[in-house]
Amino acid sequence: MKRIVVLLTLFALFGSFAGLQAAEGVKPEATAERDARMKWWREARFGMFIHWGVYSVAAGEWKGQHVRNAAEWIMNSADIPVAEYEPLAKRFNPVKYDPAQWVKLAKDAGAKYIVITSKHHDGFCLFDTETTKWDVVDATPYGKDLLKPLSDECRRQGLHFCTYYSIMDWHHPAQQHGPKTYNPTKIIPERKAEYIEYMKTQLKELLASCDPEVLWFDGEWPDWWTEEDGRNLYNFLRELRPAIIVNNRVGKGRAGMEGLNKKDREYSGDFGTPEQEIPATGIPGVEWESCMTMNDTWGFHKYDTNWKSSEKLIRNLVDIASKGGNYLLNVGPLADGEIPPASVERLEAIGRWMKINGESIWGTTASPFAALNWGRATVKTSAAGTTLYLHVFDWPSDGKLLVPGLRNEVRGAKLLANGESLELSSDKKGAVIQLKDKPVDPIDTVIVLTLEKAPEIVK
Ligand code: FHN
């Protein structure tokens, strides 16, 4: 009982998971400090994920056979021994790699950050590391670090640069693996400390060379990796770079934070990471980011043409923002550095919508409504007042849009796209907005309501 009282006191004092780690060695972080550290990330709402590596050469095919499952898993899916997998690196030569073009594509789409794989489960490093020859400098004809140019371009164009890093490593000798035993790996117990040092050395190299603002861990599920290991790694990174943000897959929080949403549990990491899903009601009280693919695979897969529509991707972005989360949307470049045209087409479509409606996503917080049958809502509050963004997916056939339960006095109502004022009345069910017969954008037409203060909703 005493431990719970101590924890609740710590939580009350520091109000965050990071604060709860005070007992574990990270200097206490007051809520105001955490708010400052997380500010850019919370306001970003939209990032671009990049899965790229030696697996992009195979592109979902091995010895002429179509290998199903995600392309970056081909070593496991096709049971490829390390010695047979390594020669793929000799064919990894991204001569079309253009960091400036990649960053511009993300920026024009409305993304505020990029998360790129620095090392996926196959252990191949896209950065120059002294720890192994299994990296882009020593093992490929390209022979140059890929991440630093991208981080430099991100900073030049005003995006935040972040890196993904897999704890599970199918190439490192401390992790027993091999055909049919790649996932999950087993650690050789007397070599676990050696592997943790290997990771820490690589993470220090990453911080020194390309200074990622988020460390996006993955591959945390093998049972030899514990929540305590994750907390120690979290503390190690926060000591090295106090402003860094780390996801909950540094430890075992992936199931805890968003699956069980046990806010009283201590999980290392700063945000939850639902994957290929949008939590139905968000994850109240927890920062979270939903990572999703455009088709079905993360790494480039030549056979995967199951592309989601631009409409679906835009509405995912709006749905996630309306639930208080971030959308991390993935692209899987080809081995030569080209981004698939189908991905470019969709990012450009998202960008056209964001160019007009971005303010209804960036810097907003979750909808105050339980549910809206015609769309979603996002909110932006400031000293000047409150702005309620109504995202209308299904345009009302009678031209009357009911905003259920809204009791605030509304100072104004307009279409975000063209500033056209809208008539608004209220009845016992809430506010009713009189709309024209056609939407401005059939995917999502945004209506802006200006309120004196935070929305008052009568359930
Ligand atoms: O196994 C990986 C997978 O390849 C991909 O990187 C995703 C992205 O979040 N994470 C793991 C599966 O959860």
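When a ligand or atom number is given, it counts from 1 through the structure's own listing order. Quick caveat, the model's predicted, so the values are computed rather than measured.
Heavy-atom contacts of Y164 reach the following atoms of ligand 1: 6 (O) (cutoff under 4.0 Å). Ligand-side atoms of ligand 1 in range of C291: 9 (O), range being under 4.0 angstrom from any heavy atom. Residue H121 approaches ligand 1 through these ligand atoms, each under 4.0 Å from one of its heavy atoms: 1 (O), 2 (C). Every atom of ligand 1 with a heavy atom of W216 under 4.0 Å away is listed here by number and element: 9 (O). Close approach of ligand 1 to R254 (heavy-atom distance below 4.0 Å) involves ligand atoms 13 (O).
In this structure, R249 has a heavy atom closer than 4.0 Å to ligand 1. The closest approach between any non-hydrogen atom of A70 and ligand 1 is not below 4.0 Å. Every heavy atom of F217 sits 4.0 Å or more from the atoms of ligand 1.
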Show every donor-acceptor pair shorter than 3.5 Å between a side-chain atom in residues 103-112 and any protein atom, with sequence neighbours excluded, or say none if there are none.
unit_1 : atom_1 : unit_2 : atom_2 : d
K104   : NZ     : D108   : OD2    : 2.4
K107   : NZ     : Q157   : O      : 2.8

Please tabulate, one pair per line, all N/O donor-acceptor pairs under 3.5 Å involving side-chain atoms of residues 63-75, not counting sequence neighbours.
unit_1 : atom_1 : unit_2 : atom_2 : d
K63    : NZ     : E84    : OE1    : 3.2
N69    : ND2    : S77    : OG     : 3.4
E72    : OE1    : G299   : N      : 2.8

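Counting heavy-atom neighbours within 6.0 Å of K302 NZ, excluding the residue itself, gives a total above 12.
Ring-centre distance between H160 and W216: not below the 6.0 Å cut-off.
Atom 11 (C) of ligand 1 has D218 OD2, 2.9 Å as its closest protein atom, hydrogens excluded (heavy atom only). Ranking the protein heavy atoms by distance from atom 3 (C) of ligand 1 puts E72 OE2, 3.5 Å first. Among all protein heavy atoms, the one lying closest to atom 9 (O) of ligand 1 is E275 OE1, 2.9 Å.
Side-chain atoms of E227 and S268 include a donor-acceptor pair closer than 3.5 Å. One side chain, D270 or Y234, offers a donor N or O that lies under 3.5 Å from an acceptor on the other. Remark: the Q276 side chain and the T293 side chain contain an N/O donor-acceptor pair separated by less than 3.5 Å.
Checking only distances, W221 never comes within under 3.5 Å of ligand 1, N or O to N or O.
To the nearest 0.5 Å, the span separating OG1 on T132 from NZ on K119 amounts to 9.5 Å.
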